[in-house]
Amino acid sequence: MKLITAIIQPDKLDEVREALIRAEITRITVSRCSGHGRRQDEELYRGQVHIPNLQNKVRLDIAVNDAFVDVTIDTILAAARHGAGQIGDGKIFITHLEECIRIRTGERGGGAI
Amino acid sequence: MNDAAPTIDAGITAWMLTSTALVLLMVPGLAMFYGGLVRTKNVLGTMMHAFAAMAIIGVLWVVCGYGMSFGPNALGGWIGWDSSLVLLARLDTDAPMQGYRIPEYVYAMFQGKFAIITPALIAGAFAERVNFRGYCVFIALWGILIYNPLCHWVWAPDGFLFTLGAIDFAGGTVVHISAGVSALVCALYLGGRKGYPNTAMRPNNLVMTMMGAGLLWVGWFGFNAGSSVNSNIDTARALTVTQVAAAGGALAWMLIEALHHRKATSLGLCSGILAGLVVITPAAGVVNVAGALVLSMLASLVCYLAVLLKSKLGYDDSLDVFGIHGVAAMLGAIGLAFFLRAPTVADFVAKDPGWTLWKQLGVQSASVAIAAGYAALASIILLVLVDKLIGFRLDTTREMAGMDHALHGESGYGLLSLD
């Protein structure tokens, strides 16, 4: 089992979510988060441009069985890219997932995902 | 409407000043009502639509709007015009306004608030997907070419619908039908939001929507009772039926939802308030309390069905401008004929012995059809013009990023919610 964590731009959330559903990855957790990478975003305050210290991002956490890792990654890559070659489309992190437990039944392992 | 009176009446003037302020309060009220209904990423862009109308129409009204609306007939009665009304130059005088007992400045400002809120109403139909620049040009042209002529036809003493005997006490035709029909045309022309109707587009803040609906209710006392341009029994009646209609509409919508879904929603109650207020707007001078109650409850029922029908038909009138404002205003403008109070009927018969209910019904229907037809036709022309020349519909990237960030470089809230 792997935990796939994707940090993407907020405007791509709908596209990524819909693409994942089409790829039959339907169990996801989404949160709004902020951070900084290389991308710089501008906002305005009374006529002055300022660069927020932290950029708004969306974080997806998807726990998958090993067979679904590649399809999940490919789907996110295809849907989250803006395609203009600009920086800031985000990152995907993959970590080994020790255990997964469904609270309702107490069942453990790949079947609980 | 009273006869020409030589002096300014302090009581009437004070009430009209109050009404003027109350009607302006409806615009931020509308901004809050609409602002709460859209997704988080569009809250500022949506509220900007209402506030931009205060800025744009607020200036245009004194430059040419008041003259076009309330000057004597020009261009064959299509508009009014009087060059001494440019920048309201003629109004700086001690004499009261012709036929009223207030300084004409007050009347011009009172009417100006109606001109502001009308284009702001339309914005609900194309919420979350238009270019701010295109919107600004659209409402400026809409005000000049659609609102001002309609206002002249219905409310100027020599306007052709006014002389025909059409009853529009506080702007059912001029404000709500014109805005509602234009809204429908805009929604059809611009197309739905990306993802509509498959993606759920949830309101970001119904608390703000409820506060906005509350402000609209309060402001509507100025809208309707102020439209008597007096401080007498007509004013009192208009205020009373406004109160009754808002409550009746809200109660009816609550009951309908409770029966249909076993749950009364906050948005439903607010929609009922609006349906009731809109339906009574043309009728506030000519119906009594019973008529207001029946009309308002009927309005909630018809609007409820209209909103359901919209979902069936699949067009994206995002915040139901046509479904509530357009539909309720048509119901009010035509339906009022059946609820005319006896003294009003006696008054009509005294003026015209040949008066019948059916004749009035014909006049009402004709004025609705003319207003709706004109607003629809002129809106299509404006839409094509603005869309081709400046661009009205947002491109997909900016629509997905949200208007707040893409168009205004700001964000409405902190890290509160996801969409």
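Hydrogens, waters and symmetry mates are skipped; everything else that's a heavy atom, side chains included, is used. In the text below, chain A, chain B and the rest are named by the order of the sequence lines, each starting its count at 1.
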From [atom1] ([X]) to [atom2] ([Y]), nearest 0.5 Å:
X	Y	atom1	atom2	answer
A:D11	B:R398	CG	CZ	12.5 Å
A:E15	B:K194	CD	NZ	5.5 Å
B:T397	A:K12	OG1	NZ	7.0 Å

Considering residues, nucleotides and ligands other than [X], do more than 12 of their heavy atoms fall under 6.0 Å from its [atom1]?
X	atom1	result
B:L389	CG	yes
A:R81	CZ	no
A:R102	CZ	yes
A:E99	CD	yes
B:Y304	OH	yes

Taking the side chain as C-beta and beyond, is there a heavy-atom pair between A:D14 and B:M400 under 4.5 Å?
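Result yes, sub-4.5 Å side-chain heavy-atom pair found.
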Contact check, side chains of B:K41 and A:P10, non-hydrogen atoms, under 4.5 Å
no
Please report the shortest heavy-atom distance between B:H405 and A:E43, naming the atom on each side.
ND1-OE2, 4.3 Å
Nearest atoms (heavy-atom pairs only) where A:R17 meets B:T199:
NH2-CG2, 3.9 Å
